[in-house]
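Please read the structure below before turning to the comments.
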Amino acid sequence: MTSLAGLLDAKPESPVGVGRRTILFLFGTIAALQLATALFREVNWDEFHFLSLVFEYRRASLSLALQTFHVHLFSWLVLLPTDEIGTIVVARCLMWLLHLATLWFLLKTTESLLSVRGALWATLLYATLVFVMQHATSFRADPIITALLMGALFGLTRDRLPLGVLTLSALAVTLAGLISIKSVFYVPIIIMVAVLRLVRTHDKMLLRNMVIALAIAVVAFAGLFLWHATSLAQSGSPAKNTLTTAYNKQLVDNDLFHGARFLLYSLVGSAPQWSVIGAGIGLAIARVIKTRSVERLHALTILSFTSPLLLIAFYRNSFPYFYVFMMAPVAVVVALIADELRALSKIAGTLPVIFVALAVVQAVSELQRDQSAQQSLISAVHQIFPEPVPYIAQAGVIVRYPNAGFLMSTWGIEQYRNRGEPVLLHAINEKKPLFVIVSGPALSAALEPDTNAAKPGEELLPADIVALRENYLRHWGPIWIAGKQLPATSGMEAAFALTIPGPYTITADAPVQIDQQLVHPGDVVELAVGMHTYRGGTAALHHGRNPPVPARGPPTLVFTGF
C-alpha cells in the first residue's frame with residue numbers, strides 16, 4: 001500500500017497528473033483552511049445546542065437518552081476556563097483532527113478497493129466540496145460519526161482481518177450509532193464490503209470472526225445505551241417512542257427533497273466535483289451491467305458507497321452539515337473515473353487543483369462570517385447576569401446557564417405545535433427565566449411582530465406569545481429581560497400581575513405609586529408573585545438592581561444561517 005508520505009519519492013510523474021509536492025501542498029492548503037474555519041467561522045445555533053447537552057448532563061438535568069451519548073466523550077469541556085465561543089473552538093479543533101482522520105480513512109479505503117490515483121482524487125474531491133469545507137469542523141455529531149464509520153470501513157478493507165480488527169471496526173459502528181441514529185445509513189455499505197471480502201476469500205474463519213465481532217457490537221451497544229440511560233437524572237420519553245417519532249418524521253412523513261435548496265447550492269458551488277461524481281456513478285453502473293461474478297460484486301460494492309445520495313430525496317434533515325456525513329463514502333466512486341479522465345486528456349489530471357482553487361475562494365468568503373456578533377451577545381449576557389440564571393432561547397447559547405425553553409429547530413417547533421402545549425408559559429410560571437435571547441424566527445415573531453414574522457406553521461402558540469409579551473421587555477438588542485410595561489392610569493389605581501419575583505428597577509418620568517408606596521425613577525422595589533397595584537404615568541419595571549446596559553451597539557443578527 002502507498003502512503004501519502006510516500007508520494008515524495010523520485011518518480012517523475014504523480015498519480016494525479018501533478019507533482020508530488022503539489023499534492024501535499026493541496027492537502028496542506030485544505031487542512032489549513034479547515035482549521036481556520038474551526039477557529040474563526042460563525043458558530044451555528046445547533047453547535048451551541050450540542051454543547052449545551054454536555055452542560056445539562058453535568059447539571060444532572062439531561063433527560064433524553066437517544067442521541068446524547070456524546071456527553072460522556074466531551075464532559076471535560078465544562079472544565080475549560082473560557083466562554084461558550086472559546087469552548088466550542090476547542091471542540092472544533094478536535095473535530096478538525098477527526099476530519100483529518102476521515103480523510104485518511106477515505107484515502108486508504110479507496111486505495112484498497114481501487115487505486116492510489118483514484119484514492120487521491122476521491123479524498124481531495126470530498127475535502128473540497130463546499131459544504132464539507134464549511135461544516136467538517138463543526139461541533140456536531142456528523143464529523144464524529146463520519147470518522148468512526150469511515151474508520152470501520154477502513155478496518156474492513158485491510159489486507160488482514162483478524163478478530164481484533166473486526167471487533168474494533170464493529171465497536172466503531174456501535175459508538176457511532178450511540179451518538180447518532182443516522183449511522184444506520186452506512187450499514188448497507190458495510191454489509192456489501194463484508195460480503196465482497198467473504199466471496200473473494202471463501203474464508204470460513206473470517207465469517208466466524210465477523211459473527212463474533214457483530215455479537216460483541218450488539219452486546220456493547222445494548223450495555224452502553226442502558227448505562228447511559230440510567231446515568232441521566234430523570235426519565236424522558238422512552239427511546240422506542242423517540243426513535244419511532246424520528247423515523248416517521250425524518251423519512252416517512254416529510255415532503256420529498258426537503259433539502260432541495262441546499263442540494264442546488266452544492267451543485268452550483270461544487271459543480272466540477274459533482275460532474276466527476278456523476279461520471280463515476282455512470283461508470284460504476286456500466287461495470288455492474290457488463291461484468292460478471294466477483295467483478296460484478298466488486299462494482300456493486302463500489303456503487304453501494306453512493307447509496308447515501310438517496311437520502312437527499314427522503315431524509316428531512318439533509319441540511320448542509322449532513323453533506324459531511326453523506327458524501328464521505330460517495331467520494332469513493334470518484335476513483336473509478338480518475339484513470340479514465342487521465343486517458344482522455346492530461347488536462348483532466350489538473351482537476352484536483354481546480355477543486356482546491358474553488359475551495360480556497362469559498363473558504364475565504366465563508367470566513368467573513370465571523371464570531372463577533374455572537375461574542376458580543378455572550379459577553380453582554382455575562383455582563384448583565386454574572387451568575388447563572390434560567391433563560392429562554394432558540395437553543396442553549398449560554399451553555400453554563402439553564403435553558404428553560406425547548407430546542408426551537410424547525411422539527412422542534414413542529415413537535416411542539418403538534419403537542420399543543422404552551423411550554424413557554426409553563427416554563428415562565430415554574431422556572432422563572434430572567435431573560436430571553438431573541439434570535440430564532442419563532443421568538444423574533446413573538447416579541448418583534450412589527451419587524452419579523454415566522455413562516456406559517458413555525459409560530460409559537462398564542463398562549464406562549466402572550467406570556468412572553470407580558471413578562472419581558474427589550475433591554476439590549478436581542479436580550480429581553482423580565483419586566484412589565486405599565487401604562488398611565490390617569491389618576492386611577494390599576495392592577496397588574498407579576499409572574500417572576502425579585503427586585504425591579506423603576507423607569508419613569510416622574511414618581512409613581514406601586515402597592516400604594518411612592519417610588520422614584522431609578523428606585524428598586526422587591527415584588528412577589530401575584531397581583532400588585534399601580535398609579536401614575538407610563539412606567540416600566542426591569543428585573544434586577546439597575547441591570548447594566550452594555551455600552552457597545554448590539555448585533556443586528558446573531559445567526560446568519562448554516
Side-chain angles (χ1 to χ4, degrees), residues 44-46 48-49 52 373-374 376-378 380-381 384-385 389-399 401-487 496-502 504 507 529 538 540-544 547 549 554-562:
N44 196 249
W45 60 264
D46 61 342
F48 284 113
H49 173 67
S52 71
Q374 298 165 340
S376 177
L377 168 66
I378 290 170
V381 169
I384 300 167
F385 299 98
V389 295
Y391 73 103
I392 292 172
Q394 175 190 14
V397 178
I398 314 300
V399 297
Y401 296 10
N403 184 1
F406 64 97
L407 179 61
M408 298 182 198
S409 62
T410 53
W411 186 21
I413 290 289
E414 289 177 30
Q415 290 182 302
Y416 152 83
R417 289 182 62 85
N418 289 338
R419 288 195 304 269
E421 181 182 350
V423 175
L424 299 184
L425 172 61
H426 296 330
I428 292 170
N429 288 334
E430 296 169 9
K431 300 180 181 179
K432 317 297 183 185
L434 295 189
F435 67 98
V436 177
I437 297 176
V438 179
S439 57
L443 288 172
S444 296
L447 287 172
E448 301 169 339
D450 296 334
T451 56
N452 294 282
K455 295 179 182 179
E458 295 183 6
E459 311 96 333
L460 295 175
L461 297 176
D464 282 339
I465 294 175
V466 171
L468 289 169
R469 292 178 182 176
E470 288 187 348
N471 288 285
Y472 297 93
L473 299 176
R474 187 192 294 276
H475 186 70
W476 179 85
I479 300 176
W480 293 56
I481 68 174
K484 280 283 184 181
Q485 190 68 47
L486 302 175
F496 67 93
L498 196 75
T499 304
I500 301 172
Y504 281 84
T507 301
V529 173
T538 302
L541 300 173
H542 289 82
H543 193 282
V549 179
T556 303
L557 288 175
V558 179
F559 303 110
T560 60
F562 286 108

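In this structure Arg469 satisfies the salt bridge (charged side-chain N to carboxylate O under 4.0 Å, His left out) test with no other residue, sequence neighbours excluded. For Arg417, the side-chain hydrogen bond (donor to acceptor under 3.5 Å, both in side chains) criterion is met by no residue, not counting sequence neighbours.
Taking each heavy atom of Arg474 and Trp480 in turn, the nearest pair found is N-CE3, 3.2 Å. Residues Gly396 and Ser52 share a closest heavy-atom pair of O-CB, 3.6 Å. The heavy-atom pair separating Thr410 from Glu458 by the smallest distance is CG2-OE2, 4.0 Å. When all heavy atoms are compared, the tightest approach of Gly420 to Leu461 is C-CD1, 3.5 Å. A pairwise comparison of heavy atoms in Ala427 and Pro433 identifies O-CD, 3.4 Å as the closest pair. Scanning all heavy atoms of the two residues, the minimum distance from Leu473 to Ala540 falls at CD1-CB, 4.0 Å.
Between Trp476 and Ser376, the closest side-chain pair of non-hydrogen atoms falls below 4.5 Å. Tyr391 places none of its side-chain heavy atoms less than 4.5 Å from the side chain of Val436. The closest side-chain heavy-atom distance from Asp46 to Ser409 is not below 4.5 Å. At a threshold of 4.5 Å between non-hydrogen side-chain atoms, the residues Ile413 and Glu459 do not count as touching. Contact check for Lys432 versus Val529: side-chain heavy atoms found under the 4.5 Å cut-off.
Taking CZ from Phe559 and CG from Leu377, the interatomic distance works out to 7.5 Å, rounded to the nearest 0.5 Å. Considering CD1 of Ile392 and CZ of Phe406, their distance stands at 9.5 Å, rounded to 0.5 Å. Atoms CD1 and CG, from Ile500 and Asn471 in turn, are 5.0 Å apart once rounded to the nearest 0.5 Å. With rounding to the nearest 0.5 angstrom, the CE atom of Met408 is 5.5 Å from the CG atom of Leu460. With rounding to the nearest 0.5 Å, the separation of CD in Glu470 from NZ in Lys484 is 5.0 Å. In this structure, CG on Leu443 lies 9.5 Å from CG on Asp464, to the nearest 0.5 angstrom.
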TODO: Go through the steps for Tyr416 and Val423 under the test side chain to side chain contact (heavy atoms under 4.5 Å, CB included), then give the verdict.
DONE: CA-CA 8 Å; Tyr416 152 83; Val423 175; 3.9 Å; yes
Open item on the list: For Ile378 and Ile398: C-alpha separation, side-chain torsions, deciding distance, then whether side chain to side chain contact (heavy atoms under 4.5 Å, CB included) applies.
Closed with: CA-CA 7 Å; Ile378 290 170; Ile398 314 300; 4.0 Å; yes
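Aromatic ring pairs are classed by plane angle as parallel below 30°, tilted from 30° to 60° and perpendicular above 60°; the pair His543 and Tyr504 is perpendicular.
With hydrogens and angles disregarded, no donor-acceptor distance shorter than 3.5 Å links the side chain of Lys431 to the backbone of Gly405. Side-chain N or O atoms of Ser444 include none that pairs as donor or acceptor with a backbone N or O of Pro441 at under 3.5 Å.
In this structure, Tyr401 has its ring center no closer than 6.0 Å to that of Phe385.
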